[in-house]
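In what follows, chains are A, B, ... by sequence order, proteins preceding strands, each numbered from 1. Quantities reported herein were computed from a predicted structural model and do not represent experimental measurements.
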Number of protein chains: 2
Amino acid sequence: MALSERHPRPALTADCVVFGLDLEAEALKVLLVRRARGPFRGAWALPGGFVAPGECPQAAAARELEEETGLRDVFLEQLYTFGEPGRDPRGWVVSVASLALVRLDAQQPVACSDARAVAWQDAYAPPPLAFDHGRILDTALKRLRGKIRYQPIGFRLLPPKFTLSQLQTLYEVILRRRLDKRNFRKKILSMGILEELDETERRVAHRAARLYRFDPARYEAFCEQGAAFSL
Amino acid sequence: MALSERHPRPALTADCVVFGLDLEAEALKVLLVRRARGPFRGAWALPGGFVAPGECPQAAAARELEEETGLRDVFLEQLYTFGEPGRDPRGWVVSVASLALVRLDAQQPVACSDARAVAWQDAYAPPPLAFDHGRILDTALKRLRGKIRYQPIGFRLLPPKFTLSQLQTLYEVILRRRLDKRNFRKKILSMGILEELDETERRVAHRAARLYRFDPARYEAFCEQGAAFSL
DNA sequence: CCAAAAGTGTTTCACTTACACCCATGA
DNA sequence: TCATGGGTGTAAGTGAAACACTTTTGG
């Protein structure tokens, strides 16, 4: 006990960069809350809050996200820890930022707790953000762009059943460039990690597309053959 | 002020996974200290210590590293933040771990401060480590293996002037597999990021090898052409 | 029948891989 | 002169990129 008691301690927060994909608008969205209190009151910020004792930062991020927006069961991974002096006017506050990917259509976020409002906003052109949250968002965007190419995490932005065109749109929006349709389909199908379903997308004013589902078991088998996901 | 004051605070530490490369032994080394005090007294651990107010975690890692081992001017990047409850018997202690790469031959580490001893040990077969430092080391090894292939950070493990064989040994040791000599040379030279010197390695009982130097300016030019480092 | 997106193969080129011998140097 | 690592080129195969038309469906 003694040793750690002798040292001054920072406040510890967990912030969450939550991305969602708007397929119709072909836009990447980020979930922001309007601060109801404290410094930057009224400004947009990333959802987040103080980590509780006996709680790991990731769990705190998930808890705060649910408290402020109602979003649950969200894929989260640690992004980076921001601890530059002066990043928070309240004093010494260190933030463990996490990256989250959710289906935009699955749950409607609602403002609760410290949030006056919640909204999906353009991740590439966000409003001015509180604290150093702009920098955190930039870091998250870079990480997402890097990671999506060699890890199958993009599926978390899509519904469980999706068309290949939707998957391609996902990559085009995040990588910010057009991809060739035939080559994209060839490559993703050749990995054998998608389950081809006997259903098609309905309610469309043109030919209906076949639906696919990401299959974690096939992905595991794929990896064990020494292969690596890459797009 | 008020808001953050109301919340319990963790102790914040910065730990450092310092890698060095032993070219003769073809071994990857990690710098460990023997703890002089506190929990796990007498056990091997990563260098590190408490972060001071007004100090960013990275800077704290550098400071602690110098205090405990004398190593200065070291390349550091943030690795991961470990905050699982129970990871430190003293209570709630969150650690921001950093990854460091140094030249094994450049500076001799010496035990000072909280360290009873300092030693370079086999990174792939370390002694039992204090706290969750074994897990931190594993995380660092994975990160290093992943990163070295698409970022030119390996050079920091070598002297400024090095032979292509030394560079190849570096990759073989970290990736843990043999590489083809001709293909390796072709690929690294084709990037045009090395400066070919008119000097050769001396004091060898065989043909002397040409020396090269990593050229940051050429690397920048290389990147701006849209190319990407990869090995 | 028209608009809109789905679906489909082939060629070319670049890059990766596999592979073996002679050369220079110091002891 | 011998032991040791330095240095070099080519051929075959694999994967990436470029590219356009027909099909299906609902309105």
Side-chain angles (χ1 to χ4, degrees), chain A residues 21-26 148-150 158-159 161-173 175-213 222 225-231, chain B residues 21-26 149-150 158-159 161-173 175 177-213 222 225-231:
Chain A
L21 184 71
D22 183 338
L23 282 166
E24 274 78 71
E26 304 204 353
I148 208 163
R149 297 190 49 189
Y150 61 92
L158 292 178
K161 301 174 181 183
F162 51 84
T163 69
L164 292 185
S165 295
Q166 289 173 331
L167 186 59
Q168 181 173 344
T169 299
L170 185 161
Y171 278 88
E172 289 182 337
V173 167
L175 300 179
R176 308 201 83 173
R177 65 164 203 264
R178 308 303 292 182
L179 301 173
D180 180 86
K181 183 163 58 155
R182 278 173 290 190
N183 292 336
F184 179 83
R185 293 162 104 91
K186 233 181 302 175
K187 192 154 178 185
I188 190 78
L189 289 177
S190 75
M191 292 190 239
I193 62 177
L194 297 185
E195 183 187 355
E196 185 174 328
L197 303 175
D198 288 327
E199 305 169 61
T200 54
E201 179 108 272
R202 268 148 309 166
R203 291 189 295 268
V204 283
H206 51 78
R207 175 168 175 184
R210 180 178 291 273
L211 290 170
Y212 292 81
R213 189 193 284 148
F222 170 77
Q225 283 152 30
F229 182 90
S230 115
L231 264 169
Chain B
L21 184 71
D22 183 338
L23 282 166
E24 273 80 70
E26 304 203 352
R149 297 190 50 188
Y150 62 92
L158 293 178
K161 302 174 181 183
F162 50 84
T163 70
L164 293 185
S165 294
Q166 289 172 330
L167 186 59
Q168 181 173 345
T169 299
L170 186 162
Y171 279 88
E172 290 182 336
V173 167
L175 299 178
R177 65 163 202 264
R178 308 303 290 183
L179 302 173
D180 180 87
K181 182 163 55 155
R182 279 175 288 193
N183 293 335
F184 178 82
R185 293 160 103 88
K186 232 181 305 174
K187 191 154 180 185
I188 190 78
L189 289 177
S190 74
M191 292 191 239
I193 61 177
L194 297 185
E195 182 187 356
E196 185 174 326
L197 303 175
D198 287 327
E199 306 169 61
T200 54
E201 180 109 272
R202 268 149 309 167
R203 289 190 295 268
V204 284
H206 51 77
R207 176 169 175 181
R210 179 178 290 274
L211 290 170
Y212 292 81
R213 190 194 282 149
F222 170 77
Q225 284 151 30
F229 183 90
S230 112
L231 264 170

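- Summary for the helix from C:dC1-D:dG27 to C:dA27-D:dT1: the axes at its two ends, each from 5 pairs, differ by 10° when rounded to the nearest 10 degrees.
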If you restrict it to nitrogen or oxygen atoms, what contacts under 3.5 Å exist between nucleotides 3-8 of chain D and the protein, and what is each distance?
from, atom 1, to, atom 2, distance (Å)
D:dG6, OP1, B:Ser165, OG, 2.9
D:dG6, OP2, B:Ser165, OG, 3.0
D:dG6, N7, B:Lys181, NZ, 3.4
D:dG7, OP1, B:Arg210, N, 2.8
D:dG7, OP2, B:Arg185, NH2, 2.7
D:dG7, O5', B:Arg185, NH2, 3.3
D:dG7, N7, B:Lys181, NZ, 2.6
D:dG7, O6, B:Lys181, NZ, 3.1

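- Across the interface with DNA chain D, nearest-nucleotide mapping of A:Val204 and A:Lys186 shows A:Lys186 to be the residue nearer the 5′ end.
- The shortest heavy-atom contact between B:Leu179 and B:Phe184 is CD1-CD1, 4.0 Å.
- Here the CZ atom belonging to A:Phe162 is positioned 12.0 Å from the OG1 atom belonging to A:Thr169, to the nearest 0.5 angstrom.
- A:Lys187 pairs by the salt bridge (Lys or Arg N to Asp or Glu O under 4.0 Å) definition with nothing, not counting sequence neighbours.
- Between A:Asn183 atom CG and D:dA20 atom C1' the separation is 13 Å, expressed in whole Å.
- At distances below 3.5 Å, at least one donor-acceptor pair connects side-chain atoms of A:Arg149 with backbone N or O atoms of A:Leu231.
- In this structure, B:Lys161 and B:Glu199 approach most closely via the heavy-atom pair NZ-OE2, 2.8 Å.
- Along DNA chain C, the stretch of nucleotides lying under 4.0 Å from any heavy atom of chain B spans, 5' to 3', C:dT16 to C:dG26.
- Scanning all heavy atoms of the two residues, the minimum distance from A:Ile148 to A:Tyr171 falls at O-OH, 3.3 Å.
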When the side chains of residues 206-213 of chain B are checked against the rest of the protein, which donor-acceptor pairs come out under 3.5 Å, sequence neighbours left out?
from, atom 1, to, atom 2, distance (Å)
B:Arg210, NE, B:Glu196, OE2, 3.3
B:Arg210, NH1, B:Glu196, OE2, 3.3
B:Arg210, NH1, B:Leu197, O, 2.7
B:Arg213, NH1, B:Glu195, OE1, 3.3

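- Between A:Asp180 atom CG and D:dC21 atom P there is a gap of 15 Å when expressed in whole angstrom units.
- The shortest heavy-atom contact between A:Phe222 and A:Met191 is CD1-O, 3.3 Å.
- Residues that satisfy the salt bridge (Lys or Arg N to Asp or Glu O under 4.0 Å) test with B:Lys186, not counting sequence neighbours, are absent from this structure.
- Of the inter-residue distances, the one linking B:Ile188 atom CD1 with B:Arg185 atom CZ reads 11.5 Å to the nearest 0.5 angstrom.
- For A:Leu231 and D:dG15, the CG to C1' distance is 14 Å, given to the nearest whole Å.
- Looking at heavy-atom distances under 4.0 Å, A:Lys187 makes contact with sugar-phosphate atoms alone, never a base.
- How far CG of A:Leu158 is from CG of A:Leu170: 5.0 Å, rounded to the nearest 0.5 Å.
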